[in-house]
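Each remark here refers to the structure printed beneath this line.
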Amino acid sequence: MTERAGSRLERVLAAGHFAVTVEVGPPRGPNAAAVRRKAELLSGVADAYNVTDNQTAVVRMSSIAGARLLLEAGLEPVMQMTVRDRNRIALQSDLLGASALGIKNCLCLSGDHQQASASGKLNGHPGAKHVYDVDSIQLLAILKGLGEQVQESGDPIAEPARFFIGAAWSPLAPPEAFRVLRLAKKVAAGADFIQTQAVYDVPRFAAQVAKAREMGLCDQIAILAGIIVPRSARMLQYLNEKVPGVEVPEELIRRLRAAVNPASEGKMIAQELIEAVRVIPGIRGVHLQAIENEEVLPEIISAAELLPRPVLNIGA
Amino acid sequence: MTREDLQSGFKPEIILLYCRRCVEEEADLFIAAKATSRFAAKLVMMPCTSKVEESHLLKLLAEGADGVQVVGCPYQQCQRLLGNLQAERRIEHARGYLREIGLGAERLGMERGLHFSGLQLLLLAEKRAHAVRPLGPNPMKGERIP
Amino acid sequence: MIIAEWKPLSELTAKLRGHKKILLVGCATCVAECAAGGEKEVETLAPLLRMALHKEGHPAEVVTRTLERQCEWEFVEELAPLIPQVDAVLSIACGIGIQAVAERYSEVPVYPGVNTTALAIREEPGLWLARCQACGDCGLGETFGICPVARCAKSLQNGPCGGTRKDGKCEVDENLECVWYQIVKRAEARGQLDKLLEFRPAKNWSNSLHGGPKRVLREDLRP
């Protein structure tokens, strides 16, 4: 396969390594130092770092700026981009700008609906007008086009804007029969890698991955299994009941409830999940999230024997 | 009734809309016309409470009635099956508006039963009069637009 | 039908305060079907307005009229004798009807009494659900007769986002079906799930508002 963007993440995967990505949420203010602090904390533990794009529709520092700050700190970003807030003109303009700033990975998402912004303690912006000019799969096609020097409309561009193109996959969300087909659509539209919804029910997840493998999708795309580090039984219960596509086996919730120290038991669970998804044929890495709790990640990644991360000769 | 009400001379005017199936055949409905010192009642017969529209109820209040009492059949005994339930929903909906504009939801209500005598109907009207008394006279009474 | 909903009464009285004689005008077509602006609603709102305005210290007379269709000039004309007698109009027709009255009788202030919200169907008594967004690029033939533009919270074109709940409802509103869940079920029932594999490219929105306010001209029908 010819190289798409030459990002570190792309090369780690191409070299056959089991990839590790983690998530870095930008601050709700203009604080560059906050991004740098997180970068320092997580430096060296992952191959690439996802920078979220106004997740839960709460206004935060832009993912482009956050991604650029990570680059300056020596980390490779995966810039997340949702189709909620920008039409195809703004999306392409931002992608050209991101490319000019040296950003090489982009994860294409539908984005949380703006109603979600008011679900927590904040007012959010539930009265905002959303855009959804294109959907996340159409955005994949747009990125593919920009890499081939053509805009969505067909207009040419002077130089290609090359990205290693990512997409999300929620294999256990209903309608389950369609989820593998939707993955196939994402592959066909141009996705190079996948980061999945959080996995807790490994056998059910593995069954969906097996279906993708049968369709030949795993040869065309690198799937990174999503893992959210659990902190308490209540958190798992919440994820199970309230977050579509997240299926948590009852025994995991019971185990965390019975634990003397739920936080350390949660880290243990995360480590076990990494080990369990690692042996599923077709899984090429993990995408780790520790929501508002990033400091636990180095320890978990180390315990899963995924450190040090491979050193690549990027300039080559 | 408090001494103040007596002194203010507030004599609530209640309009009682009743389903004809709720009253006993021999009911003396002229009883309502008999003046009481505490409230005035006007009785209006309907074929079924399902015929009550929100607009009717609100219009009666806009014309100055202090309270409107609807009397319907017991649950599951409506001749039109769900007519009295529909009436209840409409009344509840209209009460919401009365609350919203600050006129007082208690000006409107519903009672249920069968075989009421004329005197019993009058007591139901008095029940509504009692509920509206704390609200005072309907401000729409004698409305004059400058 | 076009559906609308009453504005809060406090918003109406805030606009109508100071007017002495108000014409409340409804429409017997769509907004009557959706129980927002038909004769019944006109006759309900009129006494409410009178009471609310009186309570706020601004009593006013409210006269009522319900037109057959407030979006057609012939019917709008029926208000002509009433307009000189009133100092404001409150219309509870859809936005089209309100504008028709405001245009024909530009000498009086015309206020909206409703918010026009959607093109919808009466699913069952007391429940209306959006069905069409007038996007100008109908793709119902590809989505098994179910519109994701109007019925998906994100107007997605290529399948459901990750927000489909376990029971097939939408993550944005637990009372609403995930419309892509419905499309997939219908495709499965027809044994045509593979049809949904086809990539649907970015839509052309230019035949709707996005291409500028809509104008349809048919020379064959011109006077």
Side-chain angles (χ1 to χ4, degrees), chain B residues 12-13 15 17 44 49-68 70 78 80-108 132 134-146, chain C residues 5-26 28 31-32 34-66 85-88 90 92 113-114 124-127:
Chain B
E13 290 172 26
I15 296 179
L17 305 170
V44 182
T49 52
S50 67
K51 289 287 160 199
V52 176
E53 298 288 354
E54 281 180 67
S55 57
H56 303 151
L57 303 168
L58 294 169
K59 219 167 269 178
L60 292 172
L61 292 170
E63 295 304 325
D66 292 304
V68 178
V70 179
C78 178
R80 299 187 183 208
L81 304 175
L82 296 174
N84 57 0
L85 212 60
Q86 286 166 345
E88 183 178 284
R89 292 229 184 109
R90 289 175 197 154
I91 288 165
E92 210 35 65
H93 196 241
R95 279 166 59 96
Y97 287 133
L98 294 177
R99 212 172 285 127
E100 194 180 332
I101 64 174
L103 204 82
E106 286 311 306
R107 294 199 186 273
L108 185 54
V132 304
L135 300 171
N138 182 348
M140 295 303 285
K141 215 177 288 290
E143 182 199 37
R144 224 176 291 126
I145 295 150
Chain C
E5 298 158 75
W6 278 15
K7 282 176 175 286
L9 294 168
S10 57
E11 188 181 331
L12 299 186
T13 55
K15 287 280 186 295
L16 295 170
R17 227 168 266 161
H19 293 299
K20 297 282 176 276
K21 192 168 177 182
I22 299 154
L23 169 62
L24 172 59
V25 52
V31 288
C34 70
E39 188 173 13
K40 212 183 231 186
E41 292 73 35
V42 165
E43 297 308 323
T44 303
L45 183 55
L48 268 174
L49 276 178
R50 276 176 57 198
M51 290 189 280
L53 285 165
H54 187 101
K55 193 98 203 330
E56 293 176 14
H58 301 278
E61 192 183 338
V62 179
V63 293
T64 61
R65 183 62 68 93
T66 303
Q85 303 166 29
V86 301
D87 53 7
L90 180 71
I92 55 174
V114 295
E124 45 191 69
L127 175 66

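Computed from heavy atoms alone, side chains included, the values below leave out hydrogens, waters and symmetry copies. In the text below, chain A, chain B and the rest are named by the order of the sequence lines, each starting its count at 1.
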Would you mind checking which part of Ala52(C) comes under 4.5 Å of any heavy atom in chain B, side chain (CB onward), backbone (N, CA, C, O), both or neither?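 For Ala52(C), heavy atoms of backbone and side chain both lie under 4.5 Å from chain B.
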With a 4.5 angstrom heavy-atom cut-off, which part of Lys20(C) approaches chain B: side chain, backbone, both or neither?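 Backbone plus side chain of Lys20(C), per the 4.5 Å heavy-atom cut-off to chain B.
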Considering all heavy atoms, the nearest Pro47(C)-Ser55(B) contact: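 The answer is CG-O, 4.4 Å.
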More than 12 heavy atoms from other groups under 6.0 Å of [atom1] on [X]:
X	atom1	result
Lys15(C)	NZ	no
Glu5(C)	CD	no
Arg89(B)	CZ	no
Glu39(C)	CD	no
Lys51(B)	NZ	no

Please state whether the side chain, the backbone, both or neither of Leu61(B) comes within less than 4.5 Å of a heavy atom of chain C.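 Both parts, backbone and side chain.
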Backbone of Lys40(C) reached by a side-chain donor or acceptor of Glu53(B) within 3.5 Å: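 No, Glu53(B) side chain to Lys40(C) backbone: no donor-acceptor pair under 3.5 Å.
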Would Glu63(B) and Arg50(C) count as a side chain to side chain contact (heavy atoms under 4.5 Å, CB included) if you check the C-alpha gap in whole Å, the side-chain angles of each, and the deciding distance to 0.1 Å? CA-CA 10 Å; Glu63(B) 295 304 325; Arg50(C) 276 176 57 198; 3.0 Å; yes
Distance from Leu103(B) atom CG to His54(C) atom NE2, nearest 0.5 Å?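 One gets 9.5 Å once the value is rounded to the nearest 0.5 Å.
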Go through Leu48(C) and Glu54(B) one step at a time and tell me if the side chain to side chain contact (heavy atoms under 4.5 Å, CB included) criterion holds. CA-CA 10 Å; Leu48(C) 268 174; Glu54(B) 281 180 67; over 6 Å; no
Step-by-step side chain to side chain contact (heavy atoms under 4.5 Å, CB included) determination, Ile101(B) to Lys55(C): CA-CA 8 Å; Ile101(B) 64 174; Lys55(C) 193 98 203 330; 5.9 Å; no
